[in-house]
Amino acid sequence: QVQLVESGGGLVQAGGSLRLSCAASRRTFSSYTMAWFRQVPGKEREFVAAIGYSGVNIYYGDSVKGRFTISRDNVNTVYLQMNSLKPEDTAVYYCAADATTLGSTDYEYHHWGQGTQVTVSS
């Protein structure tokens with residue numbers, strides 16, 4: 001079974017930085033679009049960023065542009081560097097992958113991690 005495992009979440013003060021990682025259990029994910037979403041209890045899942053298999057096509061949600069950077073290695077790991085964090089960035093962050101999409105809606109992604117909590121204190 002394919003697995004996506006996130007790591008790197010935690011508690012940070014506003015203005016600080018965190019780096020999330022997502023490791024896929026299969027090398028075939030090197031040909032997949034990888035993405036990050038986040039969710040706050042009671043709200044819909046929000047698109048954060050996506051990166052195509054080649055690393056050339058990259059998209060960000062409006063709320064994180066200029067502060068977050070998505071990247072990937074050549075094997076099976078995607079990263080989310082989060083700088084200038086704000087309290088409103090507090091959420092559970094999910095890694096997602098899909099073989100065909102390069103979209104920004106969660107229903108387009110068929111593989112999901114279990115999430116990692118990011119908490120930004122004011």
Side-chain angles (χ1 to χ4, degrees):
Q1 184 173 347
V2 174
Q3 286 187 323
L4 298 174
V5 180
E6 302 99 334
S7 61
L11 174 64
V12 64
Q13 289 188 332
S17 299
L18 280 176
R19 188 192 196 204
L20 305 183
S21 299
C22 172
S25 60
R26 289 185 180 177
R27 291 180 63 93
T28 52
F29 273 96
S30 63
S31 64
Y32 281 43
T33 293
M34 305 291 286
W36 290 94
F37 289 79
R38 66 187 183 186
Q39 189 169 27
V40 175
K43 294 189 177 182
E44 292 185 354
R45 198 167 290 181
E46 178 188 8
F47 172 73
V48 175
I51 184 168
Y53 71 93
S54 68
V56 173
N57 296 309
I58 293 175
Y59 303 95
Y60 294 99
D62 289 341
S63 61
V64 306
K65 283 180 181 176
R67 299 187 298 121
F68 291 10
T69 302
I70 190 171
S71 62
R72 65 189 301 164
D73 64 16
N74 293 327
V75 182
N76 65 343
T77 303
V78 64
Y79 305 96
L80 185 69
Q81 178 66 43
M82 305 185 295
N83 298 328
S84 302
L85 283 161
K86 306 174 181 179
E88 51 263 44
D89 294 319
T90 295
V92 177
Y93 283 70
Y94 295 92
C95 176
D98 196 84
T100 58
T101 190
L102 193 60
S104 59
T105 51
D106 55 2
Y107 62 79
E108 297 177 83
Y109 291 84
H110 294 88
H111 304 282
W112 290 87
Q114 293 187 331
T116 184
Q117 176 71 46
V118 171
T119 303
V120 184
S121 63
S122 57

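All heavy atoms count here, side chains included; hydrogens, waters and symmetry mates do not. Remember, predicted model here, so these are calculated numbers, not experimental data.
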Counting only pairs under 3.5 Å, give me each side-chain donor-acceptor contact of residues 79-88, with atom names and distances, residues two or more places apart or in other chains.
unit_1	atom_1	unit_2	atom_2	d
Gln81	NE2	Asn83	OD1	2.9
Asn83	OD1	Ser17	OG	2.9

Practice problem: List the steps and the verdict of side-chain contact (heavy atoms from CB on, under 4.5 Å) for Thr69 and Tyr60. | Solution: CA-CA 8 Å; Thr69 302; Tyr60 294 99; 3.8 Å; yes
Quiz item: Quick one: CD1 on Ile51 to CD1 on Ile58, what's the gap to the nearest 0.5 Å?
Solution: 4.0 Å
Quiz item: Taking all non-hydrogen atoms of both residues, which atom of Gly8 and which atom of Leu18 are closest, and how far apart?
Solution: O-CD2, 3.8 Å
Quiz prompt | Check against side-chain contact (heavy atoms from CB on, under 4.5 Å), Trp36 and Val78 | solution = CA-CA 9 Å; Trp36 290 94; Val78 64; 3.9 Å; yes
Exercise. Report yes or no: does Thr105 contribute a side-chain atom to a donor-acceptor pair with the main-chain N or O of Tyr107 at less than 3.5 Å?
Key: no
Quiz prompt | Distance in Å, Ser21 OG paired with Arg72 CZ, rounded so as to fall on 0.5 Å steps | solution = 13.5 Å
Quiz item: Any side-chain heavy-atom pair from Tyr93 and Glu6 closer than 4.5 angstrom?
Solution: no
Practice problem: For residues Met34 and Cys95, report the shortest heavy-atom separation together with the two atoms involved. | Solution: CE-SG, 4.0 Å
Quiz item: Is Trp112 reachable from Val5 through a run of I, L, V, M, F, W or Y residues, each pair having side-chain heavy atoms under 4.5 Å apart?
Solution: no
Quiz item: Are Tyr109 and Phe37 close enough that their ring centres sit under 6.0 Å apart?
Solution: yes
Quiz item: Is any side-chain heavy atom of Tyr59 less than 4.5 Å from a side-chain heavy atom of Asn57?
Solution: yes
Quiz item: In terms of the angle between their ring planes, are Tyr32 and His111 parallel, tilted or perpendicular, with boundaries placed at 30° and 60°?
Solution: tilted
Quiz item: Can you name the one residue among Leu20, Thr90, Val92 that meets side chain to side chain contact (heavy atoms under 4.5 Å, CB included) with Val118?
Solution: Leu20
Practice problem: For Asp106 and Phe47, run side-chain contact (heavy atoms from CB on, under 4.5 Å): C-alpha distance rounded to whole Å, both residues' side-chain angles, the deciding distance at 0.1 Å, then the answer. | Solution: CA-CA 7 Å; Asp106 55 2; Phe47 172 73; over 6 Å; no
Quiz item: Can you name the closest pair of heavy atoms from Asn76 and Ala24 and give their distance?
Solution: ND2-O, 2.5 Å
Practice problem: Show your reasoning for whether side-chain hydrogen bond (donor to acceptor under 3.5 Å, both in side chains) applies to Ser25 and Gln3. | Solution: CA-CA 5 Å; Ser25 60; Gln3 286 187 323; 5.3 Å; no
Practice problem: Among residues two or more places apart or on two chains, list those pairs meeting salt bridge (charged side-chain N to carboxylate O under 4.0 Å, His left out) that have a residue in residues 32-53. | Solution: Arg38-Glu46, Arg38-Asp89
Quiz item: Among Asp98, Val75, Leu4, which one satisfies side chain to side chain contact (heavy atoms under 4.5 Å, CB included) with Phe29?
Solution: Leu4
